[in-house]
Asker: 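I'd like to ask some things about the structure below.
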Amino acid sequence: MILKSHSIKTGMPEAAMKYQPYPQVALSDRTWPSKAITKAPVWCSVDLRDGNQALVDPMGHDRKARMFHLLVDMGFKEIEIGFPSASQTDFDFARWCVEEGNVPADVSLQVLVQCRPELITRTFEALQGAHRPIVHFYNSTSELQRRVVFGKDVAGIKQIATDAAKMITDMAARAGGGYRFEYSPESFTGTELEVALEICNAVIEVVKPTPDNKLIINLPSTVEMATPNVYADQIEWMCRNLDNRENLIISLHPHNDRGTGIAATELGLMAGADRVEGTLFGNGERTGNVDVVTLALNMFTQGVDPKLDCSDIERIKEVYEYSNQMVIPERHPYVGELVYTAFSGSHQDAINKGMKAIKQANKPLWEVPYLPIDPRDVGRSYEAIIRINSQSGKGGIAYILQEDYGINLPRKLQVEFREDIQRITDEEGKELPSKRIHARFLERYVEQPGARIKFVDHHTYPVGDHKSLRVVAAEITDNGETRRIEGKGTGPIDGFINALSIYLGIELSVADYSEHSLQHGSNAAAIAYVEVEYPGGTLFGVGINTNIVAASLEAIVSAANRVLETMAK
Ligand SMILES: CC(=O)SCCNC(=O)CCNC(=O)[C@H](O)C(C)(C)COP(=O)(O)OP(=O)(O)OC[C@H]1O[C@@H](n2cnc3c(N)ncnc32)[C@H](O)[C@@H]1OP(=O)(O)O
Ligand SMILES: CC(C)C(=O)C(=O)O
């Protein structure tokens, strides 16, 4: 095959010539590193706006409405429903929310608008009749955008913000009040801190927030440009320096360009922020907004009530996939198909032991190795915790047989059976589903198709005057031919193995024996495991029968067949 030639690879350009390091914040007395997150922030979902504006095909009414209902059910009290002045779809959706959306009284609708008079006017039309809606206005303040997008100096950019603040507060007053306000110095992370502070303080001065109507100052990492500690420094610095801090709600709106949106948000909360804007599973512009489900569940697993209901994560996933028309990868935190599954042997062994210990301890505290959260807390089950492939060990196989079929293998049998499963997984190079592991177990140890000996029946009777010695007379088939065999022993197992040893001409004895019931109720079957010693070593046999003695004798026959097979090789 001739490969098409691509352009000659010349390597990446010299980094230092093309990019510059992000400046550090001068905050040597920062306090956030020794803080912890001890309570949930105010959550605001921006799925229907920032998430929506990043979609290939933006949501129509149905997709928006379904997402909106989910957000309400999850407990969001602030929901940015769109940018009503930007499109008729968003305008109509705002009207639907106000008129037909059954918005609970404690939920505020939030809408985004640029600092442009015609857009502000249209925004107020969209919100007419809404209960305490939040008008979120923004303009970009970054050095780069001031220069290349707006062609204005700091004073000019500040003017855009304060003119909008004035217009919005005037319109709200004329409408009789009842509005809340949010201002974002968009591209905050590209803005010099002193400039962001000056512009925010000018907006605060116009809005004049009060304890009853606090102003939300949203400090977005519109583009994530630095390590999370830098964002935390910026937030702590702003919290310290903003005017009228007690009447402000400091909000974070992180994006995830460097893949550290979650960390940045957590550090930002430690640095003093009160509120977080984000989206379900992190949909949003470019690499997305911060993922509020992961944030909430991170808090939950630290023992903090996140005040966001993620108990039905499958429904959240389903709505996310329907409304956004995107799929969630298998490894996504808390929700991905594989995140509660271990394939590797040592992980499976530790989980298996952890699950047993937690059952025995019977305490609410969750302590299972490799599982930071109990899957049932988010509506997932234990079914998929352990799956078997060539990386798996005996603990995982034992867990599957125990959890799915109630079969509790003795430790030495786990070792023996694991070798068999390992051979299959190595040969096939694929996962071996639970059903096939069970079928293989039955085939090898219980059903034994093609095996030489089958157990049919037995009875016992005393040996002369001996009180403890009995004769065991059994019926078996040998390659389909009926045979009657006899032996002596202190009980049926002892006598039967003696009979089989005489019949086969091989010295057999019982090295280990255990049994347990398989189901509850009057028809409970018993499963017996017998380790039989023969001149070449030991091998296990298994029998399943409603009669415990019959199960034990079947187990001996099973082991004997395996001895015959091994000796024939
Ligand atoms: C970081 C974020 O996510 S911000 C949110 C971004 N979301 C969106 O843009 C989605 C919805 N937007 C839209 O549908 C459209 O952009 C509209 C309807 C809002 C505006 O459309 P148009 O006016 O036709 O076009 P466009 O967006 O290109 O307008 C850019 C103009 O607005 C100005 N502008 C941009 N943002 C702002 C702002 N926040 N405040 C004031 N002016 C602004 C620009 O400087 C530019 O001005 P110019 O025409 O004098 O050069
Ligand atoms: C409008 C603002 C808050 C925004 O979406 C961003 O900066 O990412």
Side-chain angles (χ1 to χ4, degrees), residues 44-59 64 78 80-94 110-123 126 134-142 144-153 156-168 181-191 196 199-200 203 215-225 231 234-235 249-258 261 264-265 268 273 275-279 282-292:
C44 174
S45 153
V46 293
D47 290 87
L48 296 166
R49 196 280 298 171
D50 216 351
N52 184 50
Q53 80 186 33
L55 298 177
V56 177
D57 296 316
M59 298 181 212
K64 275 206 159 196
E78 298 179 0
E80 192 163 270
I81 54 169
F83 196 143
S85 59
S87 73
Q88 192 62 42
T89 313
D90 275 19
F91 185 92
D92 292 343
F93 187 71
Q110 174 171 315
V111 293
L112 185 69
V113 63
Q114 294 177 352
C115 297
R116 292 162 72 184
E118 67 285 10
L119 303 186
I120 293 170
T121 304
R122 179 92 171 133
T123 302
I134 301 170
V135 179
H136 177 188
F137 60 107
Y138 78 95
N139 65 324
S140 182
T141 54
S142 72
L144 179 62
Q145 292 216 36
R146 294 197 307 263
R147 196 160 28 93
V148 306
V149 178
F150 294 89
K152 285 189 190 293
D153 60 10
I157 295 293
K158 184 164 70 176
Q159 193 70 48
I160 294 176
T162 51
D163 285 353
K166 177 136 186 33
M167 179 172 178
I168 287 167
F181 310 108
E182 170 172 343
Y183 172 67
S184 292
E186 195 243 295
S187 297
F188 167 73
T189 44
T191 308
I199 298 172
C200 288
V203 169
L215 169 65
I216 300 166
I217 291 286
N218 188 44
L219 302 173
S221 72
T222 304
V223 177
E224 186 177 53
M225 296 172 156
Y231 190 52
Q234 291 168 326
I235 300 301
I249 294 166
I250 302 301
S251 176
L252 308 175
H253 177 111
H255 279 266
N256 193 38
D257 296 81
R258 297 167 53 92
T265 312
R275 180 180 188 267
V276 172
E277 291 190 352
T279 58
N283 174 45
E285 292 280 12
R286 306 177 306 282
T287 52
N289 287 73
V290 72
D291 170 359
V292 286

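Note that the structure is a prediction, hence the values are computed from the model and not measured. Indexing begins at 1, ligand by ligand and atom by atom, following the structure's order. Positions are given from 1 along the sequence.
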Asker: Going by distance only, is there an N or O of Tyr138 that falls short of 3.5 Å from an N or O of ligand 2?
Answerer: no
Asker: What atoms in ligand 2 come closer than 4.0 Å to a heavy atom of Ser184?
Answerer: 3 (C)
Asker: Could you tell me which atoms of ligand 2, counted from 1 in the order shown, lie closer than 4.0 angstrom to a heavy atom of Asp50?
Answerer: 5 (O), 8 (O)
Asker: Using the test side-chain contact (heavy atoms from CB on, under 4.5 Å), find all partners of Ser187 that sit at least two apart in sequence or belong to another chain.
Answerer: Ser140, Ser142, Gln145, Thr222
Asker: Just jot down the ligand 2 atoms closer than 4.0 angstrom to any heavy atom of His255, in number order.
Answerer: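 Within the 4.0 Å cut-off of His255, ligand 2 contributes 8 (O).
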Asker: In chain order, what residues pass the side chain to side chain donor-acceptor pair (under 3.5 Å) check against Glu224, with sequence neighbours excluded?
Answerer: Thr260
Asker: If we ignore hydrogens and angles and just use 3.5 Å, is the side chain of Asn283 paired with the main-chain N or O of Gly51 as donor and acceptor?
Answerer: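 Yes; at least one donor-acceptor contact below 3.5 Å.
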Asker: Which residue holds the protein heavy atom closest to atom 1 (C) of ligand 2, what is that atom called, and what is the gap in Å?
Answerer: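 In this structure, atom 1 (C) of ligand 2 has Arg49 NH2, 3.7 Å as its nearest protein heavy atom.
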Asker: Take every heavy atom of Glu285, measure it against each atom of ligand 2, and state whether any distance is under 4.0 Å.
Answerer: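 False for this residue.
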Asker: If only side-chain N and O atoms count, and only distance matters, is there a donor-acceptor pair under 3.5 Å linking Thr279 with Asn289?
Answerer: no
Asker: Can you list the residues that meet the salt bridge (charged side-chain N to carboxylate O under 4.0 Å, His left out) rule with Arg258, with sequence neighbours excluded?
Answerer: none
Asker: How does Asn218 reach ligand 2, if at all, at less than 4.0 Å between non-hydrogen atoms: by side chain, backbone, both, or neither?
Answerer: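 Answer for Asn218: side chain.
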Asker: Please state which protein non-hydrogen atom is closest to atom 4 (C) of ligand 2 and give its distance, to 0.1 Å?
Answerer: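 Answer for atom 4 (C) of ligand 2: His253 NE2, 3.4 Å.
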Asker: So does Arg146 pair up with Asp153, basic N to acidic O under 4.0 Å?
Answerer: no
Asker: What's the separation between atom CG in Leu112 and atom CG in Leu119, rounded to the nearest 0.5 Å?
Answerer: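 So the gap between those two atoms works out to 10.0 Å.
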Asker: Salt bridge check, Glu182 against Arg275: does any charged N sit closer than 4.0 Å to a carboxylate O?
Answerer: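 Glu182 and Arg275: salt-bridged.
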Asker: For the backbone of Ser221 and the side chain of Thr189, can you confirm whether one donor and one acceptor N or O come within less than 3.5 Å of each other?
Answerer: no
Asker: What do the steps show when you test Asp90 against Lys64 for salt bridge (Lys or Arg N to Asp or Glu O under 4.0 Å), and what is the final call?
Answerer: CA-CA 9 Å; Asp90 275 19; Lys64 275 206 159 196; 2.9 Å; yes
Asker: Ignoring angles and geometry beyond distance, decide whether Thr222 reaches within less than 3.5 Å of ligand 2 through its nitrogen or oxygen atoms.
Answerer: yes
Asker: Which protein residues come within less than 4.0 angstrom of ligand 1, counting heavy atoms only?
Answerer: Arg49, Asp50, Gln53, Phe83, Ala86, Leu112, Gln114, Cys115, Arg116, Tyr138, Asn139, Phe150, Glu186, Thr222
